[in-house]
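Some notes on the structure that comes next.
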Amino acid sequence: YTLKRAAKEDSRMGLVQKYLENYYGLTKETRQFFRRRDSDTVVGKIQKMQKFLGLEVTGKLDSSTLEVMLKPRCGVPDVGH
Amino acid sequence: FRTFPGMPKWRKTQLTYRIVNYTPDLPKEAVDSAIERALKVWEEVTPLTFSRVYEGEADIMVSFAVGEHGDFFSFDGPGESLAHAYPPGPGIYGDVHFDDDEKWTEDASGTNLFLVAAHELGHSLGLFHSANTEALMYPVYNSFTDLTRFHLAQDDVDGIQSLYGPPPASSDDTPVPTESVPPPPPPPETPAMCDPTLSFDAVSTLRGEVLFFKDRYFWRRTHWNIKPEFHLISAFWPSLPSNLDAAYEDHSKDTVFIFKGNRFWAVRGNEVQAGYPRSIHILGFPPTIRKIDAAVSDKEKKKTYFFVEDKYWRFDENSQAMELGFPRLIAEDFPGVEPKVDAALQAFGFFYFFSGSSQFEFDPNARMVTHILKSNSWLHC
């Protein structure tokens, strides 16, 4: 069960990482920190996303944040060039 | 709202667009219409105008693609990223790409092409994403947007006008005093079903039901519900116009033909058939006829009657041709029916002609009006 949860956690983190890379300018070099969600770069990106999308800014991947991230959207980034 | 970094914008107001290819999900006409309506959304609040080109380079090139499609921004299969677009500029800039792994639809059953196109074209004109959840330029697709009442949020209007300003006052506009902004036009009233003065734009049967069209709406008389249902036309047929002129059902084709101006559409259930709208003149009307007032099809005789002012034509559904010897005067062959006819219906062996708030029940065998009723008598008022 733990393994399964870890795999699910992994795929979710993959989705979040891709989302932040695609739309919030998370750069690849911060990728290695991504597994530790407390790296301030990643938390900062999550907070930025939550603020932009009108969510409660917690820096955490709560269910409402994940729910919005799963919704179809425009492919143009929300920040940066 | 936000603009792109560096605030790129078009340095001209007359822009060109080209639809480079099509999605297999929709008829070409539906794609053309969606893009046209999406452009009109922005045209109405800016000095910008859009003209379509069919070859070569246009400012805004619209295309459908899947996966990697040559711009390093691969699409990602169904869901997630639906489309993307580039800010104003040469070459790929200004272009709009739709992910053809989405299911593009005219209504809300899939991903509504008009809604996504209006958003992407906002990018093509220089708007970045907005953090206003009510705005069209909010990045997340809102599948619950009421397509029938779509309008730009003030945030969108403020954003695009920060780049291009408001639309020029048109020549026939009386100068409005700048200090007072005219109040927005009141939302169109919804017609009252039991208003004794109620008149209809068009009436038609549809698979045993009867539809009464008025403005942007229609009442639907069904077998299972004594109370007629009331709907927006666009809730069932998003690409149909409002304020229709006429409608009739060809039972042998299980198709309702809908008329407005010099065009007509064919709908089967709630599917608008490909290849429509078409010109009414292909039916055999002379070029002088710009619109028809009413239509009804006699399912036994397979003849369809078209009413225009005080005359009518008869169309033979078997030979698919207008019959010779027409038009004829309505008063001659339907004595007692007063022009102009707004709508017409065949039921229980009678013809029902709607003219303003009156309805004439006409017995075609006795060749006489047998009853004069209120137009809305069918709605159980």
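Hydrogens, waters and symmetry mates play no part in the numbers below; they use all other heavy atoms, side chains included. Lettering of chains follows the sequences in order, A, B, ..., and the numbering in each one begins at 1.
The 12-atom threshold is exceeded at NZ of Lys9(B), counting heavy atoms of other residues, nucleotides or ligands nearer than 6.0 Å.
With no hydrogens or angles considered, no side-chain donor-acceptor pair links Asn132(B) and Ser130(B) at under 3.5 Å.
Arg2(B) contributes no side-chain N or O that, together with a main-chain N or O of Pro5(B), makes up a donor-acceptor pair within less than 3.5 Å. For the pair Trp10(B) (side chain) and Gly126(B) (backbone), a donor-acceptor distance under 3.5 Å is absent.
Side-chain contact between Leu66(A) and Val16(A) is present, with at least one heavy-atom pair separated by less than 4.5 Å. For the pair Ser64(A) and Glu56(A), the minimum side-chain heavy-atom distance is 4.5 Å or more.
Within residues 82-100 of chain B, the residues that have a heavy atom under 4.5 Å from a heavy atom of chain A are Leu82(B), Ala83(B), His84(B), Ala85(B), listed by number.
Comparing Val116(B), Thr111(B), Val140(B) by heavy-atom pairs within less than 4.5 Å of chain A, the highest count is held by Val140(B).
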Item to complete: Would you sort out whether Asp76(B) and Lys18(A) count as a salt bridge (Lys or Arg N to Asp or Glu O under 4.0 Å), showing the intermediate values?
Response: CA-CA 11 Å; Asp76(B) 49 18; Lys18(A) 201 174 102 188; 5.0 Å; no
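In this structure, chain A has a heavy atom under 4.5 Å from the side chain of Tyr138(B), while its backbone stays farther away. Only the side chain of Glu120(B) comes within contact range of chain A, with heavy atoms under 4.5 Å apart.
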